[in-house]
Amino acid sequence: MKIDLNGNVIEEQKAVVSVYDHGFLYGMGLFETFRTYGGRPFLLEWHLERLAAGCRELDICYVPDPNRLQFQIRRLLEANELTDAYFRFTVTAGTDILGLPAEPYKHPSEVLYVKPLPPVDSSVYVSGKPLQLLESRRNSPEGTIRHKSLHYMNNILAKQELRRYPWAGQAEGLLLDARGFLSEGIVSNVFFVRGGELHTPSAETGLLPGITRRYVMTAARETGLSVSEGLYKWEDLTGADEVFLTNSIQEIIPVTRLFDREGNGHAVGDGLAGPITGRLLSWYRNACSGEDKAAEAKEVNDER
């Protein structure tokens, strides 16, 4: 694949950063993942808004340029002969001294990675996937709120734990916070529906405030659904009518089976994607394609 390193399109094997880059030395850097639809990145403005806020907190002198990035995305799609793709945009702190910095990072590096979208198993959006409760706990964020940073050991350890559960094939792993409240999936945010109302864990649990999470909450409220952020327990999921996950690549994924750490399984609803989950997914996909959303909004409201 060809990727973009500091504005230059190069073969991925030739892309290198300095061993003195503080992204490499200390994990000082941020990234955003998103996908394109018809060649257009969805919710790019929100992704760059989050990235800019993170750079300010990490004292990285970087302001994203949406127009420049749009051009780089189109150029990489063309260079790799792709219509649509998965993108990761990374900003590292850049090269500095060996040791903690005394001043702001003034020379960050940019990397725009691209790869083909993963194959889509359309059946998962009907039959759903499992969610496995993990022992690993969501660590507390280093700053005021969790950023999508290069510090990913917590997620990797959780992914390694997930492999230890033989019954949890194709499952997403669920992290609790240190107090035992629901936080998030390894690469997703978690929602559940109970009594026609939508619930999702609070950012207080240390979760990453995902862009798709934000969009689903906004869309749900616009359609008349009640949305609550709060502190929830595992029993809130097992007692839910519907459960689903969100991320920018897989969109909205129904969860139809829950596993605890002993392998005890619990079916969610009737074992298929619930009606509110289905309506929100349809609404989301219409938004991605730019189609009129009024009809889908009415359907979600009627379902409630």
Side-chain angles (χ1 to χ4, degrees), residues 118 120-138 155 158-159 161-177 180-202 205 207-217 219-220 225 227-285 300 303-304:
V120 176
D121 178 5
S122 58
S123 68
V124 76
Y125 294 99
V126 177
S127 59
K129 69 184 302 181
L131 185 63
Q132 171 67 51
L133 179 63
L134 301 175
E135 288 183 9
S136 300
R137 297 299 173 103
R138 176 77 277 186
N155 301 65
K159 186 72 172 179
E161 180 191 342
L162 183 61
R163 296 201 300 265
R164 300 206 303 262
Y165 302 113
W167 55 80
Q170 307 304 311
E172 166 67 315
L174 175 68
L175 293 153
L176 307 180
D177 73 2
F181 293 116
L182 303 178
S183 182
E184 63 181 344
I186 298 172
V187 293
S188 63
N189 289 120
V190 180
F191 288 82
F192 66 92
V193 177
R194 186 172 57 207
E197 297 184 347
L198 189 60
H199 302 268
T200 192
S202 166
T205 64
L207 59 78
L208 175 74
I211 298 302
T212 307
R213 172 183 182 269
R214 174 182 168 186
Y215 188 84
V216 166
M217 292 169 65
L225 278 172
V227 182
S228 298
E229 296 178 78
L231 300 176
Y232 304 109
K233 292 284 193 172
W234 173 248
E235 292 73 24
D236 289 300
L237 285 188
T238 59
D241 303 316
E242 304 178 38
V243 180
F244 64 84
L245 309 171
T246 60
N247 72 30
S248 294
I249 306 303
Q250 298 178 7
E251 305 169 332
I252 298 172
I253 311 99
V255 170
T256 51
R257 195 154 188 82
L258 303 168
F259 287 107
D260 65 18
R261 289 185 285 267
E262 287 70 47
N264 299 308
H266 176 87
V268 178
D270 62 3
L272 296 173
I276 291 179
T277 303
R279 299 295 194 276
L280 286 170
L281 176 60
S282 182
W283 203 94
Y284 183 89
R285 287 180 170 170
V300 174
E303 184 57 44
R304 183 172 170 258

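Side chains are part of it too, since the values below use all heavy atoms of this structure and drop only hydrogens, waters and symmetry mates. Here, residue 1 is the first one in the sequence, and each next residue gets the next number.
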**Student:** Judged by atom type as modelled, is there a donor-acceptor pair below 3.5 Å linking the side chain of Asp177 to the main-chain atoms of Ser183?
**Tutor:**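 Not at all, since once roles are kept as given, no pair shorter than 3.5 Å links the two residues.
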**Student:** With sequence neighbours excluded, tell me which residues meet side-chain hydrogen bond (donor to acceptor under 3.5 Å, both in side chains) with Arg138.
**Tutor:**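 side-chain hydrogen bond (donor to acceptor under 3.5 Å, both in side chains) check on Arg138 returns Asn154, Asn155, Glu184.
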**Student:** Can Lys159 and Glu172 be counted as an ion pair, charged N to O under 4.0 angstrom?
**Tutor:**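 Looking at Lys159 and Glu172, the cut-off is not met.
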**Student:** Going by the rule side chain to side chain contact (heavy atoms under 4.5 Å, CB included), which residues pair with Val124 if we only count those two or more places apart in sequence or in a different chain?
**Tutor:**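 Applying side chain to side chain contact (heavy atoms under 4.5 Å, CB included) to Val124 gives Lys129, Ile253.
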**Student:** For Trp167, which residues count as a side chain to side chain contact (heavy atoms under 4.5 Å, CB included) partner, sequence neighbours excluded?
**Tutor:**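 Partners of Trp167 by the side chain to side chain contact (heavy atoms under 4.5 Å, CB included) criterion, ordered by chain and then number, come out as Gln132, Tyr165, Phe259.
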**Student:** Would you give the length of the straight line joining atom OG of Ser188 to atom CG of Leu208, rounded to the nearest 0.5 angstrom?
**Tutor:**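 Separation between the atoms: 10.5 Å.
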**Student:** With a 4.5 Å limit on heavy-atom distance, are the side chains of Leu237 and Val190 in contact?
**Tutor:**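 SC-SC contact between Leu237 and Val190 confirmed.
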**Student:** Is any side-chain heavy atom of Ile186 closer than 4.5 Å to a side-chain heavy atom of Leu134?
**Tutor:**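 Answer yes - side chains close enough.
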**Student:** Looking at side-chain heavy atoms only, is the closest gap between Ser136 and Leu175 below 4.5 Å?
**Tutor:**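 Ser136 vs Leu175: side chains touch.
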**Student:** For the residue pair Asp270 and Leu272, what are the closest heavy atoms and their distance?
**Tutor:**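 Here Asp270 and Leu272 meet closest at OD1-N, 3.1 Å.
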**Student:** Could you check Leu182 against Leu207 for side-chain contact (heavy atoms from CB on, under 4.5 Å), going step by step and ending with a plain yes or no?
**Tutor:** CA-CA 9 Å; Leu182 303 178; Leu207 59 78; over 6 Å; no
**Student:** State which residues pass side chain to side chain contact (heavy atoms under 4.5 Å, CB included) with Ser123; sequence neighbours excluded, sorted by chain then number.
**Tutor:**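 Partners of Ser123 by the side chain to side chain contact (heavy atoms under 4.5 Å, CB included) criterion, ordered by chain and then number, come out as Asp121, Ser127.
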**Student:** Can you sort out the partners of Tyr232 under ring-ring contact (aromatic ring centres under 6.0 Å, His included), two or more places apart, ordered by chain and number?
**Tutor:**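 Expected list: Phe192, His199.
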**Student:** Give every residue pair that meets the salt bridge (charged side-chain N to carboxylate O under 4.0 Å, His left out) criterion with at least one member in residues 234-249, sequence neighbours excluded.
**Tutor:**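 As it turns out, the salt bridge (charged side-chain N to carboxylate O under 4.0 Å, His left out) pairs with a partner in residues 234-249, which skip direct neighbours, are Arg194-Asp236.
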**Student:** Just jot down the ring-ring contact (aromatic ring centres under 6.0 Å, His included) partners of Phe191, sequence neighbours excluded, or say none.
**Tutor:**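 Per chain and number, Phe191 pairs via ring-ring contact (aromatic ring centres under 6.0 Å, His included) with Phe244.
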**Student:** Kindly write out the residues that satisfy salt bridge (Lys or Arg N to Asp or Glu O under 4.0 Å) with Arg214, not counting sequence neighbours, or none if the list is empty.
**Tutor:**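 Salt bridge (Lys or Arg N to Asp or Glu O under 4.0 Å) check on Arg214 returns Glu49.
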**Student:** Check whether any side-chain heavy atom of Trp234 lies under 4.5 Å from a side-chain heavy atom of Phe181, and answer yes or no.
**Tutor:**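 Side chain of Trp234 against side chain of Phe181, heavy atoms only: no contact under 4.5 Å found.
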**Student:** Could you pull out all residues at least two apart from Arg137 that satisfy salt bridge (Lys or Arg N to Asp or Glu O under 4.0 Å)?
**Tutor:**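 For Arg137 there are no salt bridge (Lys or Arg N to Asp or Glu O under 4.0 Å) partners, ignoring immediate neighbours.
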**Student:** Quick check: do Val268 and Arg257 have side-chain heavy atoms less than 4.5 Å from each other?
**Tutor:**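 Contact flag for Val268/Arg257 side chains = no.
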**Student:** Mind jotting down which residue pairs meet the side chain to side chain donor-acceptor pair (under 3.5 Å) criterion with at least one end in residues 244-255? Sequence neighbours excluded, please.
**Tutor:**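 Qualifying pairs: Tyr37-Glu251, Thr212-Ser248, Glu251-Arg285.
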**Student:** Looking only at non-hydrogen atoms, find the nearest pair between Pro130 and Gly169 and report the distance.
**Tutor:**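 Looking at all heavy atoms of both residues, the shortest contact is CG-O, 3.9 Å.
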**Student:** Look up atom CG in Leu174 and atom CG in Leu162, then write down how far apart they are to the nearest 0.5 Å.
**Tutor:**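 The CG atom of Leu174 sits 10.5 Å away from the CG atom of Leu162.
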**Student:** Looking at Ser202, is its backbone amide N or carbonyl O close enough to the side chain of Thr205 to form a donor-acceptor pair, meaning the two atoms are under 3.5 Å apart?
**Tutor:**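 Looks like yes, one N/O pair under 3.5 Å.
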**Student:** Could you go step by step and tell me if Glu197 and Leu225 meet the side-chain contact (heavy atoms from CB on, under 4.5 Å) rule?
**Tutor:** CA-CA 6 Å; Glu197 297 184 347; Leu225 278 172; over 6 Å; no
**Student:** List the residues meeting side chain to side chain contact (heavy atoms under 4.5 Å, CB included) with Val255, not counting sequence neighbours, and say none if there are none.
**Tutor:**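 So Val255 forms a side chain to side chain contact (heavy atoms under 4.5 Å, CB included) with Leu131, Val243, Leu245, Leu258.
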**Student:** What pairs with Tyr125 under ring-ring contact (aromatic ring centres under 6.0 Å, His included), at least two apart in sequence or on another chain?
**Tutor:**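 For Tyr125, no residue satisfies ring-ring contact (aromatic ring centres under 6.0 Å, His included) once neighbours in sequence are set aside.
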**Student:** Taking it one step at a time, do Glu161 and Arg261 satisfy salt bridge (charged side-chain N to carboxylate O under 4.0 Å, His left out)?
**Tutor:** CA-CA 11 Å; Glu161 180 191 342; Arg261 289 185 285 267; 6.0 Å; no
